4 protein chains.
Amino acid sequence: MNKKEIKYGLILNAAKSVFAEMGYHKASVSKIAKKAGIGDGTVYLYFSNKEDILKKLFHNTIHDDLSPKAEELVEGINDPRLKLYEFVRNHLHYFGDDYTLSRIIQIEARQSSSEIREAMKPGIRRYFTLIEAIIEDGQKKGVFRKDISKKTARQVIFGSLDEVVTCWVLSSRTYPLSSKVDEVYRALLTAVYNFSFIENFPWTMQPKEFSTK
Amino acid sequence: MNKKEIKYGLILNAAKSVFAEMGYHKASVSKIAKKAGIGDGTVYLYFSNKEDILKKLFHNTIHDDLSPKAEELVEGINDPRLKLYEFVRNHLHYFGDDYTLSRIIQIEARQSSSEIREAMKPGIRRYFTLIEAIIEDGQKKGVFRKDISKKTARQVIFGSLDEVVTCWVLSSRTYPLSSKVDEVYRALLTAVYNFSFIENFPWTMQPKEFSTK
Amino acid sequence: MNKKEIKYGLILNAAKSVFAEMGYHKASVSKIAKKAGIGDGTVYLYFSNKEDILKKLFHNTIHDDLSPKAEELVEGINDPRLKLYEFVRNHLHYFGDDYTLSRIIQIEARQSSSEIREAMKPGIRRYFTLIEAIIEDGQKKGVFRKDISKKTARQVIFGSLDEVVTCWVLSSRTYPLSSKVDEVYRALLTAVYNFSFIENFPWTMQPKEFSTK
Amino acid sequence: MNKKEIKYGLILNAAKSVFAEMGYHKASVSKIAKKAGIGDGTVYLYFSNKEDILKKLFHNTIHDDLSPKAEELVEGINDPRLKLYEFVRNHLHYFGDDYTLSRIIQIEARQSSSEIREAMKPGIRRYFTLIEAIIEDGQKKGVFRKDISKKTARQVIFGSLDEVVTCWVLSSRTYPLSSKVDEVYRALLTAVYNFSFIENFPWTMQPKEFSTK
DNA sequence: CATGAATGAGGGTTCATTCAT
DNA sequence: TATGAATGAACCCTCATTCAT
């Protein structure tokens, strides 16, 4: 790692803690620079502007770290259910182990403008693609239901995990996030599981049919 | 409705469209006032500050409108599964029918500071309580599983719905949100359903047990 | 006293306490109106603007109350020294008995713009005229020195009294202002006294002459 | 003097003339910056806020310039009467030579809030201490009377000088302030002079005794 | 490469004053 | 005469960004 990369990471780390501490909008570039032990102007040699720092922070985390880790983890697994389990476990451990990071991804990154969120899409898309790949694999193998699209399944899985992490962050971490793994996994597995081997699914029929009225 | 309430609503509506158009942080009080056809200072006769507008907008929506509607809808229903269905249907129709509102609730309200989000909690809590009541009812009646806590079930349900709406908003509404109702319902129902009547649930065992390795 | 005058006094009294409590600039017309138990707009039926209230308050006090009282007090006295004594005594008792008023006259009235101070001149001029009349009378009678002009004598007398009152106000009134009467009188009397009956006044010669060098 | 100090003085001078011209409250930071030929924000690199400028201006003048000068002047003098003379002369020349400064100190600085005046106290206290030291020295040497406390004597001296300067400022300077030196000195000297060597002081007796009634 | 002093646009908020009722 | 809702000008201050050194 050359000098440039070192300073780059230095700024990113400083930004991480400053954003987490005081929120994105109230954090000033000057404070980040001070924390990084460099001059204000130096920040602009590595990042084009304040939003760029947040974008890079997000991308570095989701696209360049979390996603590869999750991909690697899932790659060697055959059973789609186990893939899902490992994915859930990894997600909750990843954020549960780094509160500062969680706070930024869950709270501060959402304080950014539409444009910046747009710029974050590529990062999150890689993660989404992985989720959808797990689903698709499960559907092909007949383990996961086909009456729910990849996309919807992904939204349920990611939305659930996201909400669980956000609640944990906002709860001031009164419990370890990892303790939620099994429970969340159970819910998500059955959400996408293929129950077609069971005859008569009154619970999959249209609601009206089992209406008590 | 007296004059005061009319002007109050006037400002709230103006704020709604301005927030949706340019985002909370880039929206200026002056612009809201202009859109409402009133003087800048008048805004401060009805709201204590800019944040207050967003807070009231959120509270008026979630606590005073969406929640009561959902509560009423669910009240007369006996079957927990149907309750869940109606809840999901209502949520997606509610936001699907008002893009401007959805954009604010899903995107802009998250641009606010931690403090403001804290102030929004009471509003959302009423909605959360309703979800948990549905779950609890289903658990008592033996229809919903008991190996998932109310809180986790609520996180999965709300997180999923939230993500579905957010994706719809960010997708520039290329499809009607209501078209997602059945699919999402199917996933969420099975996520919380009580399958204990079926013997041998390999899919509920610990992942390791069905590991192919 | 008719209704009009009653309300006029009502506002003036409310203003007096509000100005004293929070200072002229931080006091709002609205707060004065509330304290007076009337509508905001009503204030403008009796006063042309906020500055006018302060002006009237000052004029009512200095020109219409303090000055006449002092004039009346001095009128029946023959000895200029006694006149001075009574004047000093009256001044310090007058302000010493009403802290709220003192605070406004000494502190708040000086926070006004040059224009407003200009408008206050007529009020204070009457008081100044009285002081100068006392001096002139003393000079005519040979009791007070003539090598100091009326105007300068007045500046010394008023300036001293003013400073004494101001210090008392700023001291949070840890002592009764009236306790200062004799001391201040002694100083002011000798300041203007005619010592020409004493031969050789080394202390009135030009300083250089008694220089020790 | 380095660059920083130059710009600091630049702003202070600009503020001095702007305050004098339009008064403290009507002067805007923006106008001061423009007069100093710098950007609005630059002001805040040298002063924490608008009040701070006034405070520093006052302190720089009274505490760091006028007081040391007066102290130095008085130091080498033995005769308390001469000390007083030099003090008076210096005071009137100091302000008489700089109308802009006088206007601010005499008029604008009094437009500030109580808090800011509180912050100005340390500056003026140094000046007060010097006056009291002169008095004390005179009392010890038997030249100044002891039936008037240091504090009261100081109030008379400072109050008189202050009033003389204020009247000069408000008179639009139709006469040189320095022309007042001898007259004012004569009054102040006799105000604090020890006349006990003269027997029978009818003019120091209680007023009642020489009452004509 | 690095700096940090300088910038200046921008915005939330207050409040004296007005005027329709 | 009395009201008080409405006004909108005015202002302090912040801070992301630049650029001369």
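The sequence lines fix the lettering, A, B, ..., with proteins before strands; numbering per chain opens at 1. Since the structure is predicted, the reported quantities are computational estimates derived from the model, not experimental observations.
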- Nearest 0.5 Å, what's the CD1-NZ distance between C:I32 and C:K50? 7.0 Å
- Residue list, side-chain hydrogen bond (donor to acceptor under 3.5 Å, both in side chains) with D:K4, at least two apart or on another chain: none
- Task: Scan residues 29-43 of chain A for pairs that pass side chain to side chain donor-acceptor pair (under 3.5 Å), counting only residues two or more places apart or in two chains.
- Result: A:S30-A:D40
- Item | Rounded distance (Å) that lies between atom P of E:dC15 and atom CG of B:N49 | 15 Å
- Query: Does anyone know the first and last nucleotide of DNA chain F in reach of chain A, 5' to 3', at under 4.0 angstrom to a heavy atom?
  - Reply: F:dA16 to F:dT18
- By side chain to side chain contact (heavy atoms under 4.5 Å, CB included) - contacts of C:L170 (at least two apart): C:I107, C:T166
- 5′-ward residue of the pair A:K50/D:S48 relative to DNA chain F: D:S48
- Task: Using the test side-chain hydrogen bond (donor to acceptor under 3.5 Å, both in side chains), find all partners of C:K16 that sit at least two apart in sequence or belong to another chain.
- Result: C:D98
- Message: Counting the atoms with a prime plus P, OP1 and OP2 as sugar-phosphate, which does A:K4 contact under 4.0 Å by heavy atoms, base, sugar-phosphate, or nothing?
- Response: sugar-phosphate
- Task: Could you summarise the pairing of DNA chain F as dot-bracket text, marking Watson-Crick and G-U pairs under 3.5 Å with ( ) or [ ] inside the strand and | across strands?
- Result: .||||||||||||||||||||
- salt bridge (charged side-chain N to carboxylate O under 4.0 Å, His left out) against D:D65, all qualifying residues, sequence neighbours excluded: D:K69
- Could I get the full list of ring-ring contact (aromatic ring centres under 6.0 Å, His included) partners for A:F58, not counting sequence neighbours? none
- Note on the structure: In numerical order, the residues of residues 35-46 of chain A whose heavy atoms come under 4.0 Å of DNA chain F are A:G41, A:Y44
- Note on the structure: Residues of residues 7-14 of chain D with a heavy atom under 4.0 Å from any atom of DNA chain E, listed by number, are D:K7
- Which whole-number value in Å describes the distance from D:I32 CD1 to E:dG8 P? 17 Å
- Test salt bridge (charged side-chain N to carboxylate O under 4.0 Å, His left out) applied to A:K56 - qualifying residues, sequence neighbours left out: A:D52
- Item | Partner set under ring-ring contact (aromatic ring centres under 6.0 Å, His included) for C:F47, not counting sequence neighbours | C:Y8
- Item | Atom pair distance, as rounded to whole Å: CD in B:E51 and C1' in E:dT13 | 14 Å
